[in-house]
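Please read all numbers here as calculations on a predicted model, not as lab measurements. Lettering of chains follows the sequences in order, A, B, ..., and the numbering in each one begins at 1.
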Amino acid sequence: MSTLRTRFAPSPTGFLHIGGARTALFNWAMTRKAGGTFILRIEDTDHERSTRESEAAVLEGLEWLGIDWDEGPYRQSERVERHRAVVETLLADGNAYRCVCTREELEERRNRDIAAGGKGNYDGRCRELGLGPECGPHTVRLRIDRERALRWDDLVFGPSGQEASEIGDGILRRSDGTPLYHLAVVVDDIDMGITHIVRGADHHSNTPFQLAIYRALGAPVPTFAHVPLIVAESGRKLSKRRDPVSLQQFRAEGYLPEAMLNWLARLGWSHGDQEIFSADEIIEHFDLAHVGRSGAQADLAKLAWLNQHYLKQCPADALFAAVSPYLAAVAGREVVRDARVDRLLDLLRERSTRLDEMAEKARFALVDRIEIEAEAAKKHLRPVVQDAIEALLVALERDAEWNAASIEAAFEAACRAAGDLKLGKLAQPVRVAVTGTTASPGIYETLEVAGRERALARLREAVAFIRERATETGGSGTGDAS
RNA sequence: GUCCCCAUCGUCUAGCGGUUAGGACGUCGGCCUUUCAAGCCGAUAACACGGGUUCGAUCCCCGUUGGGGACACCA
């Protein structure tokens, strides 16, 4: 057991998004590899935006991916008293001071400073005033030692940080008495004994200020690693409106957790030429040293490929469990698993990238009535094939076995009876008649899996359709002539 | 605007001074073939630009350009 302690600290202000999921994954993989302790902490100090529903969504998302934690979930909101006490200590020992500047004053001075070519940092007006608790409405600011550089060696970005003079004395506590995020995270991370902080690169520039808090508290500084952000396919920041970013959404669309995990892992991290990683392999090989420093675009095509890969090698029972809800949605009823359904899924897994798509392709074998695509009917259900279909019907009606081999024999007989018709000429019309579409598994398998009664009924309907069509066109044999 | 960061095929990336710049997804072509897939084979395609350093730069340094992030009494 190592002493490595990490944490994932999402704020429950919506769903778990893929950037957060990846951060969690990296933390988890690193911790599991080292045999450390992984802590989950919900940063819910923003009461306006935090909800219990999204907290549940976050936990659900992690569980779905198979990311487990050893401690927590803790809630930051439960620790506010501790945060307040820390601010008092800081105040008492002179590492923090009260500030009575109002927002308006602050903004005005800031603008003036920028106009004069300054950086717009807090000017330190209240820094040496020695304001006491009775000074009226006030915030509490950290007294940053301007002589000491705020630098650290980032495990991903390398030497990082800036001069203390580059940042102003930040606020630790609001005038309403509530602590700010920066103070809360640092205190929590210290109290929970976090040794390695792996988080999104959006915190890279926040780190100097947090470093200053660690110093003021006299606490050892943990090791930091900032992971580059995931960007949209447009190249820009992920947009909740335009881009698919919610883990729940991917899940609903029928992506397998294995595929999701694999995809997320390879987004910004690599291990030589290897593309396929199981959870165990990620743990075995994960290394922050091989996390890139540039942002990664979410490549949905790659996800689709991975998903099909996992679909293809999924054990039958697991596959059924995963598609079952989608099958039910298409069938309009619970679909019971049997040999025929397993066979169907085996045929479909090579033809689908997602579970919802797979269920849709299974429709012909699940429902009694299907719609024939107009275009397909027009092109394939023509008088030329009427005789052949009728011959096939005769042969199939005699087929009691009803498996791919026996059906194939029936097709051969029908083609012979129809004057040595080529199989292709018959297969496509039959496919359209039985599935309603021009694409499906092999024709024998398609019939097998559609079921004997359903297949025969649809073929009879097709014959009726062709007859009717011949009449409509005046019975002049237009179809035959073409 | 200020500060910080990033930069290899369309995308994810390998590379850590000397390589025909590799892999994967995608795309395109071929094979297979009763459709669609899958599979197999092949092709396309990159070191942003300009200066240095060096015998030699994708790799090290500087600048430019481009992109991203942070600058709240949000987290």
What nucleic acid atoms does [X] come within less than 4.0 Å of, heavy atoms only: base, sugar-phosphate, or nothing?
| X | value |
| --- | --- |
| A:Thr139 | base |
| A:His226 | nothing |
| A:Ser50 | nothing |
| A:Leu423 | base |
| A:Gln308 | sugar-phosphate |
| A:Glu275 | base |
| A:Asn206 | base |
| A:Cys415 | nothing |
| A:Arg49 | base |
| A:Leu306 | nothing |

Whole Å only: how far is the [atom1] atom of [X] from the [atom2] atom of [N]?
| X | N | atom1 | atom2 | result |
| --- | --- | --- | --- | --- |
| A:Ile144 | B:C71 | CD1 | P | 14 Å |
| A:Asp287 | B:C16 | CG | C1' | 14 Å |
| A:Leu211 | B:A70 | CG | P | 19 Å |
| A:Leu311 | B:A37 | CG | P | 16 Å |
| A:Trp269 | B:G15 | CH2 | P | 12 Å |
| A:His83 | B:A75 | NE2 | C1' | 13 Å |

Interatomic distance at [atom1], [N] relative to [M], whole Å:
| N | M | atom1 | value |
| --- | --- | --- | --- |
| B:A45 | B:C59 | P | 23 Å |
| B:C3 | B:U44 | P | 46 Å |
| B:C12 | B:A7 | C1' | 15 Å |
| B:G10 | B:G69 | C1' | 24 Å |
| B:U58 | B:G1 | C1' | 34 Å |
| B:A43 | B:U53 | C1' | 39 Å |
| B:G23 | B:G15 | C1' | 12 Å |
| B:G66 | B:G26 | C1' | 24 Å |

- Item | Footprint string (nucleotides 2-8 of chain B, 5' to 3'): B base within contact, S backbone only, - free, heavy atoms under 4.0 Å | SSSSSS-
Where the side chain of [X] is concerned, which of [options] is the nearest nucleotide?
| X | options | answer |
| --- | --- | --- |
| A:Trp305 | B:C74, B:A38, B:A24 | B:A24 |
| A:Asp273 | B:G22, B:A24, B:A75 | B:G22 |
| A:Arg110 | B:C25, B:C73, B:C71 | B:C71 |
| A:Arg351 | B:G23, B:C36, B:G1 | B:C36 |
| A:Gln428 | B:G23, B:U35, B:C12 | B:U35 |

- Specify the residues of residues 432-451 of chain A, ordered by number, for which at least one heavy atom lies under 4.0 angstrom from an atom of RNA chain B. A:Thr438, A:Ala439, A:Ser440, A:Pro441, A:Gly442, A:Ile443, A:Tyr444
- Query: Would you say A:Arg199 reaches B:A75's phosphate, i.e. side-chain N/O to OP1/OP2 under 4.0 Å?
  - Reply: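 Result: no.
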- Query: Any side-chain N or O of A:Lys312 less than 4.0 Å from the OP1 or OP2 oxygen of B:A37?
  - Reply: no
Do NZ/NE/NH1/NH2 and the carboxylate oxygens of [X] and [Y] come within less than 4.0 Å?
| X | Y | result |
| --- | --- | --- |
| A:Lys302 | A:Glu275 | yes |
| A:Glu375 | A:Lys378 | no |
| A:Lys312 | A:Glu350 | no |
| A:Arg109 | A:Glu104 | no |
| A:Glu163 | A:Arg151 | yes |
| A:Arg458 | A:Glu461 | no |
| A:Glu357 | A:Lys361 | yes |

- Message: Check the orientation of A:Trp152 and A:Phe224. Use parallel for under 30°, tilted for 30 to 60°, and perpendicular for over 60°.
- Response: perpendicular
- A:Arg141 vs A:Gln274, nearer the 5' end of RNA chain B by closest nucleotide: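 The residue whose closest nucleotide sits nearer the 5' end is A:Gln274.
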- Message: Suppose we define a pair by two distances each less than 3.5 Å, Watson-Crick or G-U wobble; what does B:C3 pair with here?
- Response: B:G69
- Message: Looking at B:U53, which nucleotide sits across from it as a Watson-Crick or G-U wobble partner, both distances under 3.5 angstrom, or is there none?
- Response: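 Here B:U53 is not engaged in any pair, so there is no nucleotide opposite it.
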- Can A:Phe209 and A:His182 be said to form a ring pair (Phe, Tyr, Trp, His ring centres under 6.0 Å), step by step? CA-CA 8 Å; A:Phe209 180 56; A:His182 293 296; 5.4 Å; yes
- Query: Hey, mind stepping through A:Asp169 and A:Arg143 against salt bridge (Lys or Arg N to Asp or Glu O under 4.0 Å) and telling me if it holds?
  - Reply: CA-CA 6 Å; A:Asp169 286 348; A:Arg143 185 189 307 275; over 6 Å; no
- Message: side-chain contact (heavy atoms from CB on, under 4.5 Å), that's the test. Do A:Leu300 and A:Phe250 meet it? Break it down for me.
- Response: CA-CA 10 Å; A:Leu300 274 350; A:Phe250 281 104; 3.9 Å; yes
- Exercise: do A:Arg79 and A:Gln76 side chains pair donor with acceptor under 3.5 Å: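 Absent: no donor and acceptor within the cut-off.
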- Do the side chain of A:Arg431 and the base of B:U34 come within less than 3.5 angstrom through a donor-acceptor pair of N or O atoms?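 Answer is yes: a donor-acceptor pair is held.
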